[in-house]
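Sequence lines set the chain letters: A, B, ... in the order given, protein chains first and strands last, and positions in each chain run from 1.
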Number of protein chains: 4
Amino acid sequence: MSVTLPQSSLFAAKAKNMGKSARSRARLIDAALAVFARERLESATINEITREADMANGTFYLHFKDKEELTSVVALSLAAEITREMDEAMADIDDAVERVSLGTRQFIDIASSRLNWGAAFLQAFWVCAELRAEVTLYLRRDLERGVALGAFNVTVDDFLVEMVGALVNTALFARINGTAGPEAGSKAAEMQLRLLGVDAERAHAVAWRSIA
Amino acid sequence: MSVTLPQSSLFAAKAKNMGKSARSRARLIDAALAVFARERLESATINEITREADMANGTFYLHFKDKEELTSVVALSLAAEITREMDEAMADIDDAVERVSLGTRQFIDIASSRLNWGAAFLQAFWVCAELRAEVTLYLRRDLERGVALGAFNVTVDDFLVEMVGALVNTALFARINGTAGPEAGSKAAEMQLRLLGVDAERAHAVAWRSIA
Amino acid sequence: MSVTLPQSSLFAAKAKNMGKSARSRARLIDAALAVFARERLESATINEITREADMANGTFYLHFKDKEELTSVVALSLAAEITREMDEAMADIDDAVERVSLGTRQFIDIASSRLNWGAAFLQAFWVCAELRAEVTLYLRRDLERGVALGAFNVTVDDFLVEMVGALVNTALFARINGTAGPEAGSKAAEMQLRLLGVDAERAHAVAWRSIA
Amino acid sequence: MSVTLPQSSLFAAKAKNMGKSARSRARLIDAALAVFARERLESATINEITREADMANGTFYLHFKDKEELTSVVALSLAAEITREMDEAMADIDDAVERVSLGTRQFIDIASSRLNWGAAFLQAFWVCAELRAEVTLYLRRDLERGVALGAFNVTVDDFLVEMVGALVNTALFARINGTAGPEAGSKAAEMQLRLLGVDAERAHAVAWRSIA
DNA sequence: CATGAATGAGGCTTCATTCAT
DNA sequence: TATGAATGAAGCCTCATTCAT
């Protein structure tokens with residue numbers, strides 16, 4: 001007797017070979033992603049999440065202490081997964097300008113192409129400090145590298161990282177809402193590079209170079 | 001018997017000479033600003049707002065249909081007020097580059113220096129579509145002007161406006177949190193101008209020029 | 001339009017001339033008394049209490065922070081009321097032997113004759129430390145007096161007071177359950193006096209003397 | 001692989017040579033004793049008990065129909081065990097006065113010296129009618145005997161037995177709480193004897209006689 | 001027999017909103 | 001207009017009990 005899984009069930013898929021508890025937990029994470037994607041975090045209820053996961057509400061508490069714990073688990077799982085995919089795609093890119101550009105483009109493409117990811121990410125971003133910290137760190141490394149190499153003409157501090165990060169999030173937001181199309185990543189990357197002091201031509205060239 | 005008004009009571013002050021109903025309404029708006037500034041919008045309660053306004057909770061519904069209406073009234077009142085102050089400060093600035101720069105700086109300075117405004121604005125921004133629309137429009141005019149005059153080397157579309165707007169909001173956020181100091185406005189403006197294609201030197205010069 | 005009050009509504013009756021809030025609060029206390037009297041404290045629910053009081057459940061929280069607060073308010077209100085009635089009845093009794101005897105008899109008679117009081121008292125006794133402290137104090141005073149006057153041949157310490165108190169509570173319990181009839185008070189008093197070292201004859205005489 | 005049993009595991013020890021089921025059941029009873037001793041009966045959960053017994057929660061229902069059954073089994077097992085030990089210690093005491101005194105002292109000493117027993121007993125006493133009945137019966141026999149022999153100057157009825165029993169329970173309670181020391185048994189016995197009409201001197205002598 | 005995940009009823013509490021005064 | 005008590009739907013969480021393995 002095989003039951004069709006809901007459309008997006010990455011974590012459930014990954015847990016397919018694990019114990020029953022891990023599978024249920026994964027289903028809850030997937031369900032939470034779906035709910036977080038269509039609802040303000042604050043108004044997402046445990047009931048809605050368990051309904052989405054086809055479970056009884058009490059089951060939730062077998063797997064998570066409360067909504068806050070779920071939120072951060074979802075956020076960090078998502079971040080880990082996105083990061084993993086990005087690292088894979090950027091493993092052999094060394095040039096800082098390319099890395100910043102490609103990082104932004106990949107992030108937006110990945111987050112917006114997987115059902116629920118982007119929207120859930122943006123929700124979680126403002127609520128989960130750990131997530132912010134992680135993302136910030138990731139970004140900062142490449143920015144600092146670029147400055148060290150003389151590619152960027154800025155001072156790297158918290159403020160700069162937040163500003164550059166805001167461009168990424170905003171582009172993702174626009175992409176998800178349909179304000180922007182598939183070119184959102186390139187557009188965002190180009191703006192970032194300009195902001196960082198890369199000259200307009202190079203910024204354009206790098207940001208729009210087709211991805212292998 | 002005269003009671004001292006709470007520190008920030010702009011709208012109450014403006015309504016001093018109006019009818020009693022308008023005055024109560026204004027007090028509620030001020031109170032909501034204060035509450036929204038220190039609390040997530042969703043967790044702000046009518047009770048807390050009316051308590052802050054020194055009113056009975058039931059009174060709230062004499063002035064607003066529901067919580068949502070309050071939110072948007074607060075947001076739009078705030079926007080109108082900020083806009084008014086900005087317009088005043090920028091009345092005789094014509095140059096597009098200057099306008100964008102000064103607009104950003106003024107906005108951040110005003111919103112962060114008036115008690116409660118900045119935080120409440122940022123909360124409302126994500127909840128009230130009308131507010132977003134209004135802000136966007138304001139910004140867009142100057143961007144288009146700059147492009148028309150050849151000062152900016154970009155295409156103005158919704159996406160661009162959102163990205164530039166994001167820089168403003170993010171800088172305001174940093175300013176309020178203490179991540180950034182009083183120079184936040186200049187820093188943000190400089191980044192914007194670079195992003196828009198203004199050359200680095202001019203961007204710096206304009207963004208950091210001392211305000212009259 | 002007059003509504004019949006539920007059978008036992010002492011506190012509601014006392015609050016008849018007070019504000020609406022006080023009246024509702026009093027109704028809740030009466031309702032709690034009724035519920036506590038027929039149910040283990042732990043299994044009494046707020047819902048049941050508000051239903052008994054003909055209120056919506058949410059109303060409860062306008063008047064009490066939580067069940068614990070209600071419990072102690074009920075306990076102490078009850079204690080205050082019983083104490084008041086006892087003091088009235090014993091105002092001009094000086095003799096320690098008489099006081100202990102009469103106190104016990106009065107307590108049992110009062111608590112068992114008012115609907116719900118006895119059962120609620122016994123429940124609250126084990127849960128509310130303040131109540132225990134108050135009752136203990138009341139009893140201790142007369143015991144110490146009796147010892148000082150040479151009427152009792154015991155040492156007054158916490159242990160003694162608890163033991164004597166246990167006799168009172170147990171007699172009340174038996175009275176309420178129907179294990180004992182109206183003579184419970186006299187029987188209990190006689191046992192107490194014997195325990196305290198009063199000779200059997202006097203104990204009997206005092207404990208069974210008819211109350212004015 | 002031998003696992004050390006928790007400190008107090010009387011019933012598990014007794015079941016050591018019985019079938020597996022009996023052993024598990026015994027472990028649950030011991031665990032329940034431990035939990036009941038440190039927690040209000042109502043707030044003791046099946047999960048906590050099985051955890052204490054190092055079992056899966058579902059296992060509980062192989063051995064007991066429900067929580068209520070467990071409670072009464074625990075209560076009656078405990079009573080049986082205490083009774084057994086008391087009978088042993090009092091096998092050759094004939095004199096009624098001695099029996100009542102010694103019974104009380106033994107009961108308090110046994111229940112308070114075995115880990116968990118006293119507290120669990122007191123909890124169960126008020127919840128389990130069978131337990132009350134059994135204890136009452138035990139006590140009553142000696143009381144009746146004493147009256148028949150002319151040693152006690154009272155009428156034995158339910159009320160009397162409850163009152164005398166209350167002294168025992170209260171003394172045990174005080175002993176467990178630390179309000180009373182090891183002399184609690186003697187003190188309680190002395191009070192009982194006085195209450196029953198034994199003259200003060202004899203009561204004292206008997207109640208404080210050192211136990212063989 | 002044992003396991004432990006799952007269930008779902010039910011308790012507690014909050015809060016937007018209504019209503020009698 | 002203003003008041004503030006009252007309402008009740010809805011969310012959170014616990015826990016006795018069941019069930020598939």
Enquirer: Would you indicate which nucleotide in F:dT3, E:dA5, F:dT7 comes nearest to any side-chain atom of B:Ala56?
Expert: F:dT3

Enquirer: Of all the nucleotides listed (F:dC12, F:dA2, E:dG8), which has the minimum atom distance to the side chain of A:Thr45?
Expert: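 Per side-chain heavy atoms of A:Thr45, the pick is F:dC12.
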
Enquirer: Could you let me know what E:dA5 is paired to, Watson-Crick or G-U wobble, both distances under 3.5 Å, or none if it's on its own?
Expert: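 Paired with E:dA5, as far as the under-3.5 Å criterion goes, is F:dT18.
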
Enquirer: If I take atom CG in residue C:Leu41 and atom C1' in nucleotide E:dG11, what distance separates them, rounded to the nearest angstrom?
Expert: 16 Å

Enquirer: So which nucleotide from F:dT3, F:dG4, E:dA5 ends up closest to the side chain of B:Asn57?
Expert: F:dG4

Enquirer: Rounded to the nearest Å, what distance is computed from the CD1 atom of residue D:Ile49 to the C1' atom of nucleotide F:dT17?
Expert: 14 Å

Enquirer: Counting side-chain heavy atoms from C-beta on, which of F:dA2, F:dT14, E:dC1 comes nearest to B:His63?
Expert: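 Closest nucleotide among those given: F:dA2.
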
Enquirer: How long is the gap from CD1 on A:Ile49 to CZ on A:Arg27, to the nearest 0.5 Å?
Expert: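 The distance works out to 13.5 Å.
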
Enquirer: With no hydrogens and no angle check, is any side-chain donor or acceptor of D:Glu52 less than 3.5 Å from a backbone partner on D:Leu33?
Expert: no

Enquirer: Roughly, in whole Å, what's the span from CZ in A:Arg51 to C1' in F:dG11?
Expert: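 Result: 12 Å.
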
Enquirer: Using atom CZ of D:Phe60 as one end and atom P of F:dC19 as the other, report the distance to the nearest whole Å.
Expert: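 Going from D:Phe60 (CZ) to F:dC19 (P), I get 17 Å.
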
Enquirer: Indicate yes or no for a side-chain donor-acceptor contact from C:Lys67 to the backbone of C:Ala44 under 3.5 Å, with no hydrogens or angles considered.
Expert: yes

Enquirer: In this structure, how many angstroms lie between the P atom of E:dT14 and the CZ atom of C:Phe64, rounded?
Expert: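 Distance check: C:Phe64 CZ to E:dT14 P gives 15 Å.
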
Enquirer: Kindly indicate whether the side chain of C:Arg40, heavy atoms from C-beta on, has any atom under 4.5 Å from the side chain of D:Val127.
Expert: yes

Enquirer: Where each residue is assigned the nucleotide of DNA chain E containing its nearest heavy atom, which of B:Lys65 and D:Leu62 is assigned the position nearer the 5′ end?
Expert: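 Result of the comparison: D:Leu62.
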
Enquirer: Could you tell me whether the side chain of A:Asn57 and the main chain of A:Phe60 form a donor-acceptor pair under 3.5 Å?
Expert: no

Enquirer: Side-chain N or O of A:Tyr61 less than 4.0 angstrom from OP1 or OP2 on F:dT14?
Expert: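 No, outside the criterion.
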
Enquirer: Looking at E:dA2, I'd like to know if its phosphate oxygens (OP1 or OP2) sit under 4.0 Å from a side-chain N or O belonging to D:Ser24.
Expert: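 Yes, such a contact exists.
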
Enquirer: Can you measure C:Glu42 atom CD to F:dT14 atom P for me and round it to whole angstrom units?
Expert: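 Nearest whole value for this atom pair: 18 Å.
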
Enquirer: Nearest to the side chain of D:Lys20 - F:dT1, E:dA2, E:dT3?
Expert: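 The closest nucleotide is E:dA2.
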
Enquirer: Please confirm whether the shortest side-chain N or O distance from B:Lys67 to OP1 or OP2 of E:dA16 is below 4.0 Å.
Expert: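 Yes.
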
Enquirer: Under a 3.5 Å cut-off for both distances, is F:dA10 Watson-Crick or wobble paired, and to whom?
Expert: E:dT13

Enquirer: If you find the nucleotide of DNA chain E closest to B:Asn47 and the one closest to A:Asp54, which residue's nucleotide is nearer the 5' end?
Expert: A:Asp54

Enquirer: Tell me which of B:Met55 and A:Asp66 sits closer to the 5' end of DNA chain F, going by the nucleotide each one is nearest to.
Expert: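 Closest to the 5' end, via its nearest nucleotide, is B:Met55.
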
Enquirer: Taking atom P of F:dC12 as reference, at what distance in whole Å does atom CD of A:Glu69 sit?
Expert: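 That distance rounds to 15 Å.
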
Enquirer: For A:Ile46 and D:Ser43, take the nucleotide of DNA chain F holding the closest heavy atom to each; which residue's nucleotide lies nearer the 5' end?
Expert: A:Ile46

Enquirer: Please confirm whether the backbone N or O of B:Ala12 pairs with a side-chain atom of B:Arg23, one donor and one acceptor, at under 3.5 Å?
Expert: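 Absent.
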
Enquirer: Between B:Thr59 and F:dT3, does any side-chain N or O lie under 4.0 Å from OP1 or OP2?
Expert: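 For B:Thr59, the contact criterion (side-chain N or O under 4.0 Å from OP1 or OP2 of F:dT3) is met.
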
Enquirer: Whole-Å distance between F:dG4 C1' and C:Arg25 CZ?
Expert: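 Value for this atom pair: 17 Å.
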
Enquirer: Would you indicate what A:Ala22 reaches in the nucleic acid, counting non-hydrogen atoms under 4.0 angstrom: base, sugar-phosphate, or nothing?
Expert: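 Answer is nothing: A:Ala22 stays at 4.0 Å or more from every strand.
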
